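Remember, predicted model here, so these are calculated numbers, not experimental data.
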Amino acid sequence: MRAPQSVPRRGVDRRRLLGALAGVPLLAGGLVGCGPEEQHPVDDGPVELSVFWWGGTARTEATERALRLYSARHPKVQFRGTWQGLTGYYDRLATQATGGNVPDLFQIDDTVLTEYARREIVLDLSGYVAERRLDLRGLPENLARYGQVDGDTVAVPAAQTYAALVYNRDLLRRLGLPEPRLGMPWPEYVQWAARLTRASGNRVAGTTDPSGDYRALWLWLRGRGGELYQGRQLGFDSGELLRWFEFWEVARNSRATAGTALTELADTGDLDRQLVVTGQAAASFAWAHEFPELQSRTRDELGLTSFPGSPAAQWPRASMYWAAFRGTRHPAVVADVINFLTTDTEAGRILGTERGLNPSVPVRQSVVDGLTDPAAKQLASLGVDLDSVTGPAPAPPPRGHARVRTLLVAAAGSIRGKRSGARAATSRFMAQANAALAG
């Protein structure tokens with residue numbers, strides 16, 4: 001597939017969606033507060049469900065095949081699927097909402113999960129989970145918990161992923177340098193990157209600069225006993241953030257990282273612009289499930305490992321979720337479809353690893369046993385390496401997370417570009433981020 005090519009302006013998209021949904025009446029079948037049987041009657045007649053997701057051609061073909069399999073087993077249920085790239089996805093969801101045509105089932109990520117739950121946009125699936133009509137017992141406990149808001153299951157992971165370091169294995173062989181390893185401390189990683197820059201004659205940077213990457217900051221904080229968030233507030237103080245920014249200032253001075261202009265290209269999230277793909281850096285930070293797509297963009301053999309720091313800072317993350325609209329006319333059917341996509345072995349084999357590792361461990365093992373693509377095998381191998389050493393899952397990010405992410409990128413960019421000192425950028429970020437979370 002060709003993965004999403006840029007990161008959307010989620011803050012703008014989300015506000016538009018919430019405003020649109022505010023005027024959409026909830027249908028009787030979607031009201032909360034009743035038991036599953038009372039709230040979600042089983043549909044006896046023909047049902048057509050609308051489904052919306054982002055992704056490329058490969059994801060679409062796999063998703064449509066899986067949904068056709070469900071229809072083959074349940075002939076009264078048919079699907080109307082819509083898909084597009086990630087850019088503008090939430091805008092289109094808002095447009096559908098404005099027209100009173102919110103999809104019954106749609107894909108979201110953890111950037112919006114908490115907000116959609118608290119604004120009662122998504123259906124509370126807890127009753128189905130309790131009755132095991134939506135059976136999450138095969139999911140790792142931490143992964144299942146990452147779909148909960150305030151103790152309620154409001155979405156189900158479509159797949160599992162990890163924050164990952166992708167590096168150019170062929171380049172390291174040519175330079176005679178070791179590969180980065182699982183659990184490499186952050187200072188050692190920077191030393192490794194600086195050594196690589198020197199070994200390449202300054203033609204290739206050792207690493208991209210993740211000072212504006214919220215994933216890197218989050219894992220760095222967890223490795224020091226902290227968190228990115230505590231409830232609806234930041235989980236760190238200005239001193240911790242200043243140490244983070246100053247750490248990367250030292251790394252830049254040692255020429256461990258790529259320059260400012262290249263880093264800004266990588267910060268867009270465009271896979272074609274990741275420096276490990278363009279050959280301008282030996283290593284880039286990504287999501288593990290993006291690894292096969294990154295490998296397809298270069299002739300050099302790539303390697304995959306965890307972010308630097310303690311692996312216990314990681315946790316099984318949902319690469320994305322399946323969520324149901326609270327006002328769907330067919331909540332019981334939608335819940336059954338989610339259960340099918342999550343727990344059915346044949347569906348799991350069809351879906352493969354395109355969204356990441358299958359969320360259900362038994363289904364995942366069946367999928368992994370049939371993998372032939374070397375990059376997909378590396379993805380599965382990293383999952384095995386990390387699964388036994390990861391730490392507890394935090395709560396999904398609070399409302400305002402998208403804005404915090406944007407502010408972090410801006411603060412790091414202002415420091416790299418020497419438009420602001422680290423202390424001033426830190427103070428500005430803390431004030432603006434706290435305001436975003438309080439809003």
Side-chain angles (χ1 to χ4, degrees), residues 162-226 236 239-267 274-286 288 291 294 300-314 378 382 385-386 389 408 412-413 415-418 422 426:
Y162 287 108
L165 180 72
V166 180
Y167 57 92
N168 188 322
R169 182 169 277 160
D170 279 347
L171 174 63
L172 294 176
R173 289 170 180 156
R174 291 194 292 269
L175 297 177
L177 295 178
E179 298 183 11
R181 69 182 192 282
L182 185 70
M184 177 182 281
W186 283 101
E188 186 178 337
Y189 174 70
V190 168
Q191 292 170 5
W192 170 87
R195 181 183 174 193
L196 192 147
T197 303
R198 293 193 298 271
S200 72
N202 296 320
R203 292 188 299 273
V204 179
T207 181
T208 52
D209 181 338
S211 55
D213 188 327
Y214 84 98
R215 299 168 299 184
L217 174 60
W218 200 342
L219 293 180
W220 185 77
L221 290 167
R222 281 172 64 91
R224 298 163 65 91
F236 56 93
E240 282 289 283
L241 183 60
L242 181 60
R243 279 187 284 274
W244 170 254
F245 285 148
E246 289 179 342
F247 176 81
W248 288 104
E249 281 191 302
V250 172
R252 287 190 290 274
N253 290 337
S254 69
R255 295 193 174 182
T257 68
T260 299
L262 292 177
T263 299
E264 288 178 353
L265 290 176
D267 279 347
Q274 295 310 300
L275 305 188
V276 73
V277 167
T278 63
Q280 293 161 309
S284 290
F285 297 92
F291 178 69
L294 288 167
D300 281 351
E301 180 186 355
L302 302 181
L304 181 71
T305 189
S306 176
F307 268 42
S310 171
Q314 292 262 19
Q378 282 199 64
L382 178 63
D385 291 343
L386 287 174
V389 295
L408 183 64
I415 298 169
R416 285 193 301 261
K418 301 188 183 304
T426 296

| remark: Minimal heavy-atom distance between Ala256 and Thr197, with the atoms involved, is O-OG1, 3.9 Å
| said: Rounded to the nearest 0.5 Å, what separates atom NZ in Lys418 from atom CD in Glu249? | reply: 7.0 Å
| request: Give the C-alpha distance, both sets of side-chain angles, the deciding distance and a yes or no for side chain to side chain contact (heavy atoms under 4.5 Å, CB included) between Ser306 and Leu386. | output: CA-CA 8 Å; Ser306 176; Leu386 287 174; 4.0 Å; yes
| task | Give me the ring orientation class for Trp220 and Trp244: parallel if the planes are under 30° apart, tilted from 30 to 60°, perpendicular past 60°. | result | tilted
| note | Minimal heavy-atom distance between Pro180 and Tyr167, with the atoms involved, is CG-CD2, 3.5 Å
| query | Step by step, would you call Glu240 with Arg243 a salt bridge (Lys or Arg N to Asp or Glu O under 4.0 Å)? | reply | CA-CA 5 Å; Glu240 282 289 283; Arg243 279 187 284 274; 2.5 Å; yes
| message | Let me confirm one number: the OH-CG distance from Tyr162 to Asp385, rounded to the nearest 0.5 Å. | response | 10.0 Å
| message | Quick check against the 3.5 Å criterion: does Asn168 have a side-chain atom that pairs as donor or acceptor with the backbone of Val276? | response | no
| query | Should Leu196 and Leu172 count as side-chain neighbours, where that means a heavy-atom distance under 4.5 Å? | reply | yes
| request: Answer yes or no: is there a donor N or O on one side and an acceptor on the other, between the side chain of Gln314 and the main chain of Leu219, under 3.5 Å? | output: no
| Roughly how far, to the nearest 0.5 Å, is OG1 of Thr208 from CG of Asp213? | 8.0 Å
| request: Evaluate the side chain to side chain contact (heavy atoms under 4.5 Å, CB included) criterion for residues Met184 and Gln191: first the C-alpha distance (whole Å), next the side-chain angles of each, then the deciding distance (0.1 Å), finally the verdict. | output: CA-CA 11 Å; Met184 177 182 281; Gln191 292 170 5; over 6 Å; no
| query | Do Thr263 and Arg416 meet the criterion of a side-chain donor-acceptor pair at a distance under 3.5 Å? | reply | no
| task | Kindly compute the distance separating CG (Asp209) from CZ (Phe285), expressed to the nearest 0.5 Å. | result | 9.0 Å
| message | Parallel, tilted or perpendicular: which one describes the rings of Trp186 and Tyr189, with boundaries at 30° and 60°? | response | perpendicular
| task | Look at atom CZ of Arg169 and say whether more than 12 heavy atoms of other residues, nucleotides or ligands are closer to it than 6.0 Å. | result | yes
| message | Run the side chain to side chain contact (heavy atoms under 4.5 Å, CB included) test on Phe291 and Leu382 for me, step by step, so that the C-alpha distance in whole Å, both residues' side-chain angles and the decisive distance to 0.1 Å come before the verdict. | response | CA-CA 11 Å; Phe291 178 69; Leu382 178 63; over 6 Å; no
| field | Nearest-0.5 Å distance, CD1 of residue Ile415 to CG of residue Leu242 | value | 8.0 Å
| Val166 backbone acceptor or donor facing Ser284 side chain under 3.5 Å | no
| said: Between Gln378 and Leu302 (side chain of the first, backbone of the second, donor and acceptor by atom type, cut-off under 3.5 Å), is there such a pair? | reply: yes
| request: Enter the distance from Gln274:CD to Leu262:CG here, rounded to the nearest 0.5 Å. | output: 11.5 Å
| said: Which heavy atom of Leu275 sits nearest to which heavy atom of Ala266, and what is that distance? | reply: CG-CB, 4.3 Å
| request: Could you tell me whether Arg252 sits above the aromatic face of Trp248, with NZ or CZ closer than 6.0 angstrom to the six-membered ring centre and within 45 degrees of the axis? | output: no
| request: Give the minimum heavy-atom separation between Ala194 and Ser254, together with the two atoms involved. | output: CB-O, 3.7 Å
| query | Between Thr305 and Arg181, what is the shortest heavy-atom contact and its length? | reply | OG1-C, 3.9 Å
| note | Ala286 and Arg215 have their tightest heavy-atom pair at C-NH1, 3.3 Å
| query | So Leu408 and Phe245, side chain to side chain contact (heavy atoms under 4.5 Å, CB included) or not? Walk me through it. | reply | CA-CA 10 Å; Leu408 183 64; Phe245 285 148; 3.9 Å; yes
